[in-house]
Amino acid sequence: MASVRLDNIKKVYDNSFTAVHNATVEIQNGEFVVLVGPSGCGKSTTLRMIAGLESITEGALYIDDNRVNDVAPKDRDIAMVFQNYALYPHMTVKDNMAFGLKLRKYKKSEIASRVEHAAEILGIDSILDRKPKQLSGGQRQRVAVGRAIVRKPKVFLFDEPLSNLDAKLRVQMRTEISKLHQQLESTMVYVTHDQVEAMTMGDRIVVMKDGYIQQIDTPLNLYNNPANVFVGGFIGSPSMNFMNGVVAQKDGLVFRENGTSNEIKVPASRVEILKSYVDKPIVIGVRPESVSLAPVASSANAGDKTISVSLDVIEPMGNEIIIYSDTGSHRLVARLVPQELPPPGSRLELAVDVDKVHFFDANTESAIV
């Protein structure tokens with residue numbers, strides 16, 4: 001096990017394109033950290049710099065407080081699991097897993113012991129004599145992980161290892177990798193574009209966009225306290241609803257949506273910090289699960305917590321219903337309990353949990369805290 005520290009890491013390619021801008025991350029010994037973001041955000045480039053597969057333009061990389069910028073990949077004591085498995089087709093599972101140890105001149109007895117132990121952990125001890133073409137995608141991925149385990153490296157690196165698997169197998173494999181982390185208590189750095197993977201697997205998550213780190217936090221804090229509009233919209237499924245408007249004074253403060261008559265009362269806990277935004281543009285974020293169908297016989301003051309919408313699409317999911325609606329200026333997605341709903345095109349009153357509304361500066365897109 002080891003700690004990993006990125007100190008203002010920057011990657012600039014020969015064509016002057018900057019893939020990663022001044023990334024600073026401290027990964028603790030035994031921590032599972034996930035780098036997440038859309039395609040082209042720089043997450044895989046960052047991982048490859050940790051592995052030594054990409055040179056570092058500026059900044060310093062430390063593994064266990066040792067600067068490794070100029071250390072060859074084979075000498076960094078890391079193991080990497082790739083998206084495409086990268087197994088040798090002519091070798092058996094056993095030989096694929098043992099290959100790295102043979103190159104390092106380990107004794108046969110030690111190699112056999114490590115391969116057997118890793119195969120037992122991953123449940124592939126019955127397929128050790130098969131070749132990759134005889135394996136399913138999930139089995140190949142387990143072999144690739146097993147090849148990393150037998151090395152007993154200081155750091156495990158995973159580059160979108162589940163993206164080639166079907167949905168059901170992805171759920172199973174992410175559970176197995178999480179269990180593996182608990183068993184091995186190893187330092188793991190995991191790259192994915194799937195925010196569900198990130199939220200369910202990481203001790204902490206590094207959210208990236210356009211080569212910049214947007215926020216580093218625990219899954220719960222990312223969900224509850226996004227640093228900006230991008231993080232708020234990227235974390236959560238369905239994603240957060242955003243509405244543009246202004247803060248206005250009306251029996252306290254209200255958010256007034258642009259182009260509609262919809263108003264949402266600002267909760268008392270947020271009035272003080274939003275006083276300086278009166279009559280100024282602002283963005284609010286509302287998660288689909290913070291929206292519900294307003295009761296028909298609503299209380300007298302419920303109007304300051306409801307939004308009038310036109311129902312567009314209904315998606316019954318069994319345990320819940322996802323509805324897509326239109327406020328007149330913005331799309332609004334809500335996650336509702338199973339219930340009878342009027343047909344698309346109908347008007348609905350949706351209630352908003354005002355204590356769970358997020359407020360963002362319209363110019364900087366940063367959270368107002």
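Note: the hydrophobic cluster containing L122 also contains F158 (ILVMFWY, side chain heavy atoms under 4.5 Å, direct or indirect links).
Within 6.0 Å of atom CD in Q339, more than 12 heavy atoms from other residues, nucleotides or ligands are found, so the atom counts as buried in its surroundings. Within 6.0 Å of atom CD in E272, 12 or fewer heavy atoms from other residues, nucleotides or ligands are found, so the atom counts as exposed in its surroundings.
Taking 4.5 Å as the limit, some side-chain heavy atom of N164 sits within range of a side-chain heavy atom of Y85. At a threshold of 4.5 Å between non-hydrogen side-chain atoms, the residues V155 and I27 do not count as touching. Within the 4.5 Å cutoff, the side chain of D65 has heavy atoms near those of the R5 side chain. Taking 4.5 Å as the limit, every side-chain heavy atom of S325 sits out of range of all side-chain heavy atoms of D312. Counting heavy atoms from C-beta on, the side chains of T92 and L128 never come closer than 4.5 Å. At a threshold of 4.5 Å between non-hydrogen side-chain atoms, the residues V354 and F255 do not count as touching. The side-chain heavy atoms of L61 and M49, taken from C-beta on, include no pair separated by under 4.5 Å. You'll find the side chain of E176 reaches within 4.5 Å of the side chain of R142, heavy atoms only.
Salt bridge status for K102 with D95: present, with a side-chain N to carboxylate O gap under 4.0 Å. We find that R170 and E197 are joined by a salt bridge, their nearest charged nitrogen and carboxylate oxygen being less than 4.0 Å apart.
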* To do: Would you please test V36 and K43 for side chain to side chain contact (heavy atoms under 4.5 Å, CB included) and show each step?
  => CA-CA 7 Å; V36 67; K43 57 189 184 296; 5.5 Å; no
* **Worked verdict on S3 versus Q28 for side chain to side chain donor-acceptor pair (under 3.5 Å)** => CA-CA 5 Å; S3 61; Q28 304 301 320; over 6 Å; no
* Please step through side chain to side chain contact (heavy atoms under 4.5 Å, CB included) for the pair E26 and Y62, ending with a clear verdict. => CA-CA 9 Å; E26 289 198 27; Y62 298 89; over 6 Å; no
* To do: Determine, step by step, whether D125 and E116 satisfy the side chain to side chain contact (heavy atoms under 4.5 Å, CB included) criterion, reporting the C-alpha distance in whole Å, the side-chain angles of both residues, the deciding distance to 0.1 Å, and the verdict.
  => CA-CA 7 Å; D125 41 349; E116 185 179 328; over 6 Å; no
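From M201, atom CE reaches atom CD1 of I177 across 4.5 Å, with rounding to the nearest 0.5 Å.
Nearest approach of V333 to P238, heavy atoms of both residues: CG1-CB, 4.0 Å. Across R147 and A86, no two heavy atoms sit closer than the pair NH1-O, 2.9 Å.
By the 6.0 Å and 45° rule, R287 stacks over the aromatic ring of Y223.
Side-chain polar atoms of S329 and E257 form no donor-acceptor pair below 3.5 angstrom.
Partner of N228 under the side chain to side chain donor-acceptor pair (under 3.5 Å) criterion, chosen from Q214, K209, Q215: Q214.
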